[in-house]
Amino acid sequence: MRLFDVYPIQDITIVKAKGSRVWDQQGQEYLDLYGGHAVISIGHTHPHWVERIKSQLDQIAFYSNSIRIPLQQELATKLGVLAGKPDYQLFLCNSGAEANENALKLASFHTGRKKIIAFTKAFHGRTSLAVSVTDNKNYIAPVNETENVIFLPFNDATALEACFQKQGNEIAAVIIEGIQGVGGIHVAEDSFLQTIRSLCTQYGALYIADSVQCGYGRSGKFFSHDYAGVNADIYSIAKGMGNGFPVAGILIAPHIPAKHFQLGTTFGGNHLACAAALAVLEVMEQENLMNNALRIGNWLTEQLKQIPVLKNVRGRGLMIGFDVPAALPELKKNLLSRQHIFTGEAKPNVIRLLPSLALTQADANQFIGSLQLEIQSSSL
Ligand SMILES: Cc1ncc(COP(=O)(O)O)c(C=O)c1O
């Protein structure tokens, strides 16, 4: 059997990883500023994470959600404290798309309404509802086409107010990434998130903060939405939550009651997933990784802004994007092949940095040095 060829991929096989470093089959070392697509939060193969998963594996890896799994409550309690949402409720699942799918379903159940507001360049995942609120026609199969989704321009409060005035009583939810990732690192303005909050409250709609990529400490605060001083009704989380172990969830505000059988999952919140997620939170706390993300992220952003050919340096914490000039079309490719540095991208010309929150100052120095070298040699 062949693999279904869904992505163009790099011809590299990674066989070993530690912290912000990975090694290929030939023993070549790489600096990882892509974090396996914003997934590696505490660093590859962190010893505490490895140990917690190993010892959990020796006890029990999985049993269904039909029994008590105390690790789930342990995770919910710890997450509530670190995220600053101790009174929220946690539903666990397996991926970012699934988290958003459940968030949107819950909003519809709760409000009894069907319409969802989403924004231009949004990416919320590949499953049926998540892809319907994703602004890319290439991902939407005919069966996912729906009239229930209204796309509005990102950061345009006037358009949002007009939409609520016209059909506010039909809106179940507004879903928004605090910082758009796949769309190219676009930060939602604080005032825009505040407008979403007040309109949702006024019209009885739910504010869903997709924090799959921009959440879990990446921005320097637990949720990038926290910069606006607002509380969303539902936060979706995934990626960094397990540091590579598939685990995801939604944080649900206390005013939304649970009803039996509306949501459910076989694998979500299994013993191993909880152990991995707990290990991540423990390391984030012990190593003060949110502060590190802010400090190193700010430093990187300042350095990048001083490189004249790079335009529109933007982002928060360790979620950074910049526009690559037309004169350097191969920059990302050359960073990988010549400088041995993984970075992310967003079409057509954005480099995205999504490293581990434990990125060191030495790693950051190396990146800036190599980037400058690459830009100089490419410009010759
Ligand atoms: C903001 C956002 N939401 C949802 C998803 C979907 O997550 P997953 O690929 O785990 O389903 C992604 C993935 O990149 C994302 O960036």
Side-chain angles (χ1 to χ4, degrees), residues 4 6-7 9 34-41 91-107 116-136 138-141 144 149 151 154-155 173-188 193 196 207-219 222-225 232 234-251 265 267-269 273 276-277 280 314-321 342-347 350 352-355:
F4 203 48
V6 292
Y7 293 120
I9 57 170
Y34 177 51
H37 205 85
V39 165
I40 300 304
S41 47
F91 173 74
L92 289 160
C93 54
N94 311 284
S95 70
E98 206 190 327
N100 285 329
E101 195 80 19
N102 280 295
L104 292 162
K105 255 179 96 169
L106 183 58
I116 311 283
I117 295 176
F119 298 100
T120 44
K121 293 202 167 176
F123 182 87
H124 297 294
R126 309 269 182 170
T127 58
S128 114
L129 262 176
V131 86
S132 302
V133 291
T134 288
D135 183 26
N136 188 331
N138 295 331
Y139 303 161
I140 300 180
N144 301 131
V149 179
F151 281 101
F154 190 66
N155 276 336
V174 176
I175 183 165
I176 183 165
E177 297 157 82
I179 305 171
Q180 290 188 329
V182 175
I185 312 290
H186 300 293
V187 180
L193 298 181
I196 292 176
Y207 168 178
I208 301 174
D210 181 341
S211 303
V212 167
Q213 189 164 149
C214 61
Y216 242 79
R218 177 157 298 284
S219 71
F222 198 90
F223 294 116
S224 66
H225 298 250
I234 305 179
Y235 294 86
S236 54
I237 50 176
K239 293 200 189 289
M241 185 177 183
N243 198 45
F245 195 100
V247 55
I250 51 176
L251 274 66
T265 166
F267 292 121
V280 167
R314 56 199 183 261
R316 268 178 174 150
L318 284 174
M319 184 161 181
I320 301 172
F342 276 98
T343 55
E345 68 180 336
K347 301 286 181 214
V350 179
R352 271 194 290 169
L353 305 181
L354 303 161

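Because the structure is a prediction, the values reported are computed rather than measured. Starting from 1, each residue takes its place in the sequence as its number. Every number for a ligand or one of its atoms is a count from 1 in the order of the listing.
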| said: For a side chain to side chain donor-acceptor pair (under 3.5 Å) check, start with the C-alpha distance between N100 and S236, then their side-chain angles and the critical distance, and finish with the verdict. | reply: CA-CA 6 Å; N100 285 329; S236 54; 2.7 Å; yes
Below 4.0 angstrom from a heavy atom of [X], which ligand 1 atoms are there? Numbered from 1 as shown, please.
{"X": "S95", "answer": "10 (O), 11 (O)"}
{"X": "E177", "answer": "1 (C)"}
{"X": "N100", "answer": "3 (N), 4 (C)"}

| request: Kindly state whether the ring of Y235 and the ring of F223 have centres lying under 6.0 angstrom apart. | output: yes
| said: Under a 3.5 Å threshold, yes or no: a donor from one side chain and an acceptor from the other, between N144 and S132? | reply: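 No, because no side-chain N or O of N144 sits under 3.5 Å from a partner of the opposite role on S132.
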If you measure every N/O of [X] against every N/O of ligand 1, is any gap under 3.5 Å?
{"X": "V212", "value": "no"}
{"X": "E98", "value": "no"}
{"X": "V182", "value": "no"}
{"X": "D210", "value": "yes"}

| said: Just to be sure I read this right, does ligand 1 sit under 4.0 Å from the backbone of A97, its side chain, both, or neither, counting only heavy atoms? | reply: both
| query | ligand 1 versus R126, non-hydrogen atoms closer than 4.0 Å: side chain, backbone, both, neither? | reply | neither
| query | Testing I185, I179, L353, T343 for side-chain contact (heavy atoms from CB on, under 4.5 Å) with I320, which one passes? | reply | L353
Show me, pair by pair, the donor-acceptor contacts under 3.5 angstrom made by side chains of residues 121-128, not counting sequence neighbours?
| from | atom 1 | to | atom 2 | distance (Å) |
| --- | --- | --- | --- | --- |
| H124 | ND1 | D210 | OD2 | 2.7 |
| T127 | OG1 | E101 | OE1 | 2.4 |

| Can you check whether a protein heavy atom sits less than 4.0 angstrom from atom 16 (O) of ligand 1? | yes
| request: Just need the protein heavy atom nearest to atom 13 (C) of ligand 1, so name the residue and atom and give the distance. | output: K239 NZ, 3.1 Å
| Nearest protein heavy atom with distance in Å, relative to atom 10 (O) of ligand 1 | G96 N, 2.8 Å
| query | Is F267 atom CZ crowded by more than 12 heavy atoms from other residues, nucleotides or ligands, each under 6.0 Å away? | reply |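 Atom CZ in F267 is not packed in, count stays at 12 or less.
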| task | Would you tell me which option among Q180, H124, E101 has the nearest heavy-atom contact to atom 4 (C) of ligand 1? | result |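 It is H124 that holds the nearest heavy atom.
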| request: Taking the side chain as every heavy atom from C-beta outward, state whether F154 and I176 have any atom pair closer than 4.5 Å. | output: yes
| said: Can you confirm whether I116 sits close enough to I175 that some side-chain heavy atom of one is under 4.5 Å from a side-chain heavy atom of the other? | reply: yes
| task | Could you tell me the separation between the CE atom of M241 and the OG atom of S41, rounded to the nearest 0.5 Å? | result |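 One gets 10.5 Å once the value is rounded to the nearest 0.5 Å.
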